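Following: one structure in structure tokens, then a few remarks.
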Amino acid sequence: VDETAWEIGVLQIVEVMANPARVTDRKGEWFEVYNASTTTQSLNGLVIVSEGAGESHLVTSATALTVEPGAVFVFGNEANQNDNGGVSVDYEYADISLGNESDQVQLVGEGLVVAALAWDDGITMPDATGASMSLDPVGYGIGVVGTSDQWCASVQRWAATSDMGTPGAPNEGCSTWDHDGDGISIDDGDCDDADPSAYPGAPEVDGTIDNDCDGEVETMPV
């Protein structure tokens, strides 16, 4: 695998657990990287940088670390699932801490910032304790980091006694994002964010569904 093939945006940071609750901070911290390209990407030789703490770690392994197109790879501070809250970590780093309130984590290759994600104490990004910051799948793509309303605090658990998050698995959709394009998200009151004809105040045009999200299925006018 040719490490010189790294390009900006082919790898995306799509989920970050910066502030775990079930285990201590460093042991429970992890972040997930998605390969948005159509080619296998090498991770050996990349440098993980935590800008807030001024810390860095060179990714080294006796075997090739790769992530296939459309797949994800989990970096974590602790690989032992008995200590990290049950997370399946693909690579254990050292000497990196993720700021709870604000920070920026980067993957740097040959001086090039291949992927980066910053958070800001809840100003634009989620500010959760015991839940990961998760990018809605609509924000996946080369060179994309997702708009702030495409990021949310995860509401799923990867195990019964874990914190909220989906490490190594597809991210859930965010209730802050308008998926059906009707201008209203679930958080704003959309009762069916997969149907653009259903939203608060919508005309009742289908006698089989609750178009106006008032909790009742009205009969269509004759």
Side-chain angles (χ1 to χ4, degrees), residues 11-34 48-57 59 72-107 115-140 144-179 185-190 193:
L11 295 176
Q12 276 183 286
I13 298 170
V14 295
E15 191 171 6
V16 177
M17 174 62 80
N19 193 12
R22 298 297 180 99
V23 294
T24 58
D25 251 24
R26 283 213 179 195
K27 286 187 179 294
E29 292 175 355
W30 51 267
F31 66 96
E32 182 182 81
V33 174
Y34 171 74
I48 303 170
V49 177
S50 172
E51 279 213 330
E55 300 168 333
S56 64
H57 172 89
V59 177
V72 295
F73 189 97
V74 178
F75 290 93
N77 188 70
E78 174 60 66
N80 188 328
Q81 291 180 287
N82 293 322
D83 296 329
N84 71 9
V87 183
S88 180
V89 168
D90 297 309
Y91 177 83
E92 180 183 287
Y93 54 75
D95 304 319
I96 294 286
S97 60
L98 304 177
N100 291 348
E101 286 79 29
S102 59
D103 202 348
Q104 181 177 143
V105 62
Q106 300 176 341
L107 289 176
L117 180 69
W119 53 99
D120 52 14
D121 199 16
I123 298 173
T124 61
M125 291 285 285
D127 183 23
T129 298
S132 66
M133 294 176 283
S134 177
L135 176 63
D136 190 295
V138 300
Y140 286 28
V144 178
V145 294
T147 58
S148 60
D149 53 357
Q150 291 173 346
W151 282 89
C152 55
S154 181
V155 294
Q156 294 184 11
R157 295 188 191 276
W158 63 85
T161 59
S162 71
D163 283 322
M164 301 290 188
T166 58
N171 289 2
E172 70 262 39
C174 288
S175 60
T176 52
W177 177 252
D178 172 25
H179 292 90
S185 69
I186 292 174
D187 280 6
D188 293 328
D190 196 329
D193 203 30

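We number each residue from 1, following the sequence as shown. Remember, predicted model here, so these are calculated numbers, not experimental data.
The main-chain N or O of Ala169 is never found under 3.5 Å from a side-chain atom of Trp158 such that the two would form a donor-acceptor pair. Formation of a donor-acceptor pair under 3.5 Å by the Asp136 side chain with backbone atoms of Cys174 is found in this model. For the pair Asp120 (side chain) and Met125 (backbone), a donor-acceptor distance under 3.5 Å is present. Side-chain atoms of Gln106 never come within 3.5 Å of backbone atoms of Glu51 as a donor-acceptor pair (strictly under, hydrogens ignored).
A side chain to side chain donor-acceptor pair (under 3.5 Å) with Thr166 is found for one member of Glu15, Gln156, Arg157 and no other, namely Glu15. Tested against Leu117 for a side chain to side chain contact (heavy atoms under 4.5 Å, CB included), the candidates Ile13, Leu135, Val33 yield a single pass: Ile13. A side chain to side chain contact (heavy atoms under 4.5 Å, CB included) with Asp187 holds for exactly one of Asp193, Thr176, Asp149, Asp178; it is Thr176.
Taking each heavy atom of Met17 and Leu98 in turn, the nearest pair found is O-CD1, 3.8 Å. In terms of heavy atoms, Val155 sits closest to Glu172 at N-OE2, 2.7 Å. Between Glu78 and Asn84, the closest heavy-atom pair is O-ND2, 2.7 Å. Closest heavy-atom contact between Val23 and Gly28: CG2-CA, 3.4 Å. Smallest separation of non-hydrogen atoms from Ser162 and Ala159: OG-O, 2.9 Å.
Once rounded to the nearest 0.5 Å, the distance linking CE of Met133 with OG of Ser154 reads 11.5 Å. Atoms CZ and CG, on Phe73 and Leu107 in that order, are 10.0 Å from each other to the nearest 0.5 Å. Annotation: the span from Thr24 atom OG1 to Asp83 atom CG amounts to 8.0 Å, rounded to 0.5 Å. Between Gln12 atom CD and Tyr34 atom OH the span is 7.5 Å, to the nearest 0.5 Å. The CH2 atom of Trp119 sits 11.0 Å away from the CD atom of Glu101 when rounded to the nearest 0.5 Å. For the atom pair Met164 CE and Ser134 OG, the distance stands at 12.5 Å (nearest 0.5 Å).
Looking at Ser97 and Glu29, their side chains never bring a donor and an acceptor atom within 3.5 Å of each other. Tyr140 and Asn171 are linked by a side-chain donor-acceptor pair at a separation below 3.5 angstrom, with hydrogens and angles left out of the test. In the model, Ser50 has a side-chain atom that pairs as donor or acceptor with a side-chain atom of Asp103 under 3.5 Å.
For Asp121, there are no side-chain hydrogen bond (donor to acceptor under 3.5 Å, both in side chains) partners two or more places apart in sequence or in a different chain. By the salt bridge (charged side-chain N to carboxylate O under 4.0 Å, His left out) test, Glu55 is found to be paired with Arg26, residues two or more places apart in sequence or in another chain being considered.
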Full working for side-chain contact (heavy atoms from CB on, under 4.5 Å) between Asp190 and Ser185: CA-CA 5 Å; Asp190 196 329; Ser185 69; 5.9 Å; no
Is there a side-chain contact (heavy atoms from CB on, under 4.5 Å) between Ile48 and Val59 once you walk through the steps? CA-CA 7 Å; Ile48 303 170; Val59 177; 3.9 Å; yes
Is there a side-chain contact (heavy atoms from CB on, under 4.5 Å) between Trp30 and Ser132? Walk through the geometry before answering. CA-CA 9 Å; Trp30 51 267; Ser132 66; 4.0 Å; yes
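Using a 4.5 Å heavy-atom cutoff, the side chains of Thr124 and Trp151 are not in contact.
When ring centroids are compared, Phe75 and His57 stay outside the 6.0 Å threshold.
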